[in-house]
There are 2 protein chains.
Amino acid sequence: MTSRTERTRAALQSAALQLFTERGFDEVTVEEVAAAAGVSHMTFFRHFPTKEAAVLDDPYDPVLGDAVRAQPAALSPLERVRRALLMAWGALPEPGEGETRARVALVAGHDGLRAKAWANNQRTQDVLAEALVEGGVPSLEAHVAAGACLGALMAALLDWGAGGEGGLGDRISSALGQLAPPPTAEGGA
Amino acid sequence: MTSRTERTRAALQSAALQLFTERGFDEVTVEEVAAAAGVSHMTFFRHFPTKEAAVLDDPYDPVLGDAVRAQPAALSPLERVRRALLMAWGALPEPGEGETRARVALVAGHDGLRAKAWANNQRTQDVLAEALVEGGVPSLEAHVAAGACLGALMAALLDWGAGGEGGLGDRISSALGQLAPPPTAEGGA
DNA sequence: CACATGATGTTAGTCACTAACATGACGTGC
DNA sequence: GCACGTCATGTTAGTGACTAACATCATGTG
């Protein structure tokens, strides 16, 4: 039972993705996207706050906060965030590969989109940091841990979107692995 | 002998900073900034590509690339970037404390400005990663190292701008310190 | 003083985004 | 089935960032 709202929104998003990919983000007006979806430009803005938002649609934040809270407090903040992201990635429903690729490629190739993506990233960062702060981690340390992990993750994403060949999952684990503490010689887990 | 161009640019920047701080970024039009500096809005855009650019003015990138290249190749990419940033920070001429504070506070408190700041950050990230790639580091690893360090640094900056009391330098070293490898038990330097 | 050059002003336009009000589709109570 | 309310949408008019084309004014040079 997709409601009318959901259908319109999906139509807008899909029209936007296709037009932007074909002709470039800057060469397509919101007016055109709306027309392609069969609605007026006002309807576009009722569904998306900005032109960029039709491409950047990530409602994952709450999941991530909980994932951080689920980590053992004995670990360093950085390590808690790192594991939370790895865990959350594994648990997420893998979105359609092709479409994700198109979206990330768009973002990787356009300054304005990248900027907005970073802005979203920052919201996520705040959520992660908040979860750490609740657990007693000082604010600066919490934000730094979140910032470092998301910086790494974003780098992996953009690198993939810019033309990397492997799977996205592999890149993410590899990126976050780079932030892992080196294994102790004792073999302690 | 400051050229006319330089004087106009400085006037615009200072007018922008003052007006934005007084009344908020969104409540001041470019027109008003230009008027306060005694020029027309076209002149504003000849000096700054966007409204945000009058606040975000960081020409540090080239220095950072060289700082990375100066690090011993034996270190991990992450560690090379980390040390390069610490080194570069120490070598930079400390800019006027008050003005920097005002700028960072503006950025920390405004979504659009933060987004643009991240966009700049990405350029820096690319410069750092490039320096690593030249040294033989794979692209993904290089971008991740740069992303993580700059993510941490940005978090420290924004945290400071949002109302932290200590010195900025201390926060930066503390933030980057969080990414340092743990000291080995052997006491090896 | 004629001249070239570069910074600036003027004007008019595009486009993202917003506000106010009108219309149209849909289900609910009766 | 019909009045009614609600919610998605359309229409219109506006603001403000940013651009392009052309005019002007300052500056230094011969």
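Quick note on labels: first sequence line is chain A, next is B, and so on, each numbered from 1. Heavy-atom basis, side chains included; hydrogens, waters and symmetry copies ignored.
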Task: B:Phe48 side chain near B:Leu12 side chain, heavy-atom distance below 4.5 Å - done: yes

What integer distance in Å separates [X]:[atom1] from [N]:[atom2]?
X	N	atom1	atom2	answer
B:Asp26	C:dT18	CG	P	11 Å
B:His47	C:dG9	NE2	C1'	13 Å
B:Phe45	D:dA17	CZ	C1'	5 Å
B:Glu27	D:dA17	CD	C1'	15 Å
A:Glu31	D:dT12	CD	P	12 Å
B:His110	D:dA17	NE2	P	11 Å
B:Glu6	C:dT8	CD	P	12 Å
B:Phe48	D:dA17	CZ	P	15 Å

Task: Candidate nucleotides C:dC17, C:dG9, D:dA17, ranked by approach to the side chain of A:Glu52 - the nearest - done: C:dC17

For a quick test of reading the model: is some side-chain N or O of [X] closer than 4.0 Å to OP1 or OP2 of [N]?
X	N	answer
A:His41	C:dT18	no
B:Thr50	D:dA17	no
B:Ser40	C:dG9	yes
A:Thr8	D:dA8	no

If the threshold is 4.0 Å, N to carboxylate O, is there a salt bridge linking [X] and [Y]?
X	Y	answer
A:Arg114	A:Asp111	yes
B:Arg9	B:Glu6	no
A:Asp126	A:Arg123	no

Task: Residue met sooner reading DNA chain C from 5', once A:Met42 and A:Thr29 are mapped to nucleotides - done: A:Thr29

Open item on the list: Applying a 4.0 Å non-hydrogen cut-off, can you work out what A:Val33 is touching in the nucleic acid: base, sugar-phosphate, or nothing?
Closed with: nothing

Open item on the list: At less than 3.5 Å, do the side-chain atoms of A:Arg46 and the base atoms of D:dG10 form a donor-acceptor pair?
Closed with: yes

Task: B:Thr29 OG1 to B:His41 NE2 distance, which is reported to the nearest 0.5 Å - done: 10.0 Å

